[in-house]
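Here is the structure we will look at, set down as structure tokens.
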Amino acid sequence: MSGSLHRCAVPSGGAARAGLRLLFAVALVAGLVGCEGTGPQGAKEEDRLAIEAVLTDYLPKLGAAYATGDFEPLASGAVPKEIETVKRIVHELEMGESRTLRPTLQSFEIEGINVWRYSNAAVTTLEVWDIQSMASGTEHVLASASDRYRVRYQFKRRDEGWMVIERRIEHQFES
């Protein structure tokens with residue numbers, strides 16, 4: 001159907017409803033498959049640059065939030081629900097495992113960007129973090145490692161720009 005007009009016979013009754021449901025399902029799948037881009041170069045350049053800028057600013061703040069418990073700086077790049085998720089994880093580490101993490105971002109690379117309906121984006125990154133695990137309330141280092149992760153983000157475009165609405169580690173590579 002590349003640009004040409006096609007006429008279709010419209011069945012009546014139950015067949016019409018089934019046909020419309022099928023047409024709706026096909027349109028929905030086509031809409032999802034035909035998203036703006038699947039790789040960093042597939043998204044609009046302005047979106048790719050904007051998302052990269054958000055991550056460049058946000059990720060060091062995320063590491064600092066784990067280390068210090070100061071979550072306020074995360075508000076410039078993430079929605080409140082995501083900030084609450086980070087708070088919960090940090091609290092569970094401190095209370096359940098009696099440790100504090102001091103992650104330091106070494107590098108990140110955008111592996112893929114998929115923008116759809118103008119205001120949504122799925123982003124996959126490869127991130128390298130140096131992580132020190134400290135006994136809570138002390139400077140005693142329990143463990144230290146450099147780890148590489150594949151991370152999946154969900155972004156939402158807001159008036160103030162792209163915001164992280166979810167961050168999930170999909171894979172930790174062997175060191």
Counting only pairs under 3.5 Å, give me each side-chain donor-acceptor contact of residues 162-170, with atom names and distances, residues two or more places apart or in other chains.
{"unit_1": "Arg167", "atom_1": "NE", "unit_2": "Tyr153", "atom_2": "OH", "d": "2.9"}
{"unit_1": "Arg167", "atom_1": "NH2", "unit_2": "Glu127", "atom_2": "OE1", "d": "2.8"}
{"unit_1": "Glu170", "atom_1": "OE2", "unit_2": "Arg152", "atom_2": "NE", "d": "3.4"}

Show which side-chain atoms of residues 57-70 pair as donor or acceptor with protein atoms under 3.5 Å away, not counting sequence neighbours.
{"unit_1": "Asp57", "atom_1": "OD1", "unit_2": "Lys61", "atom_2": "NZ", "d": "3.3"}
{"unit_1": "Asp57", "atom_1": "OD2", "unit_2": "Lys61", "atom_2": "NZ", "d": "2.9"}
{"unit_1": "Asp57", "atom_1": "OD2", "unit_2": "Ser76", "atom_2": "OG", "d": "3.3"}
{"unit_1": "Lys61", "atom_1": "NZ", "unit_2": "Ser76", "atom_2": "OG", "d": "2.9"}
{"unit_1": "Thr68", "atom_1": "OG1", "unit_2": "Ala64", "atom_2": "O", "d": "2.8"}
{"unit_1": "Thr68", "atom_1": "OG1", "unit_2": "Asp70", "atom_2": "N", "d": "3.1"}
{"unit_1": "Asp70", "atom_1": "OD1", "unit_2": "Glu72", "atom_2": "N", "d": "3.3"}

List, one per line, each side-chain donor-acceptor pair under 3.5 Å for residues 86-95, sequence neighbours excluded.
{"unit_1": "Lys87", "atom_1": "NZ", "unit_2": "Glu84", "atom_2": "OE2", "d": "3.2"}
{"unit_1": "Arg88", "atom_1": "NH1", "unit_2": "Glu92", "atom_2": "OE2", "d": "3.4"}

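Between Arg158 and Val79, the closest side-chain pair of non-hydrogen atoms falls below 4.5 Å. Residues Thr104 and Trp129 have side chains not in contact (no heavy-atom distance under 4.5 Å, counting atoms from C-beta outward). Leu142 has its side chain out of reach of Met134: every pair of non-hydrogen atoms, C-beta onward, lies at least 4.5 Å apart. Put simply, the side chain of Glu111 reaches to within 4.5 Å of the side chain of Arg150, judged on heavy atoms.
Rounding to the nearest 0.5 Å places CD of Gln106 at 10.5 Å from CD1 of Ile131.
Side-chain atoms of Arg157 never come within 3.5 Å of backbone atoms of Asn120 as a donor-acceptor pair (strictly under, hydrogens ignored). One N or O on the side chain of Thr85 and one on the backbone of Lys81 form a donor-acceptor pair closer than 3.5 Å.
The nearest pair of heavy atoms linking Ile51 to Ile113 is CD1-CG2, 4.2 Å.
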request  = Apply side-chain contact (heavy atoms from CB on, under 4.5 Å) to Val128 and Ser146, showing your working.
outcome  = CA-CA 7 Å; Val128 178; Ser146 183; 3.8 Å; yes

request  = Evaluate the side-chain contact (heavy atoms from CB on, under 4.5 Å) criterion for residues Phe108 and Leu126: first the C-alpha distance (whole Å), next the side-chain angles of each, then the deciding distance (0.1 Å), finally the verdict.
outcome  = CA-CA 6 Å; Phe108 79 92; Leu126 295 174; over 6 Å; no

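Residues meeting the ring pair (Phe, Tyr, Trp, His ring centres under 6.0 Å) test with His171, sequence neighbours left out: Phe173. With sequence neighbours left out, Asp130 forms a salt bridge (charged side-chain N to carboxylate O under 4.0 Å, His left out) with no residue at all. Partners of Glu97 under the salt bridge (charged side-chain N to carboxylate O under 4.0 Å, His left out) rule, at least two apart in sequence or in another chain, are Arg99.
Between Glu139 and Arg102 there is a salt bridge, with a side-chain nitrogen of the basic residue lying less than 4.0 Å from a carboxylate oxygen of the acidic one.
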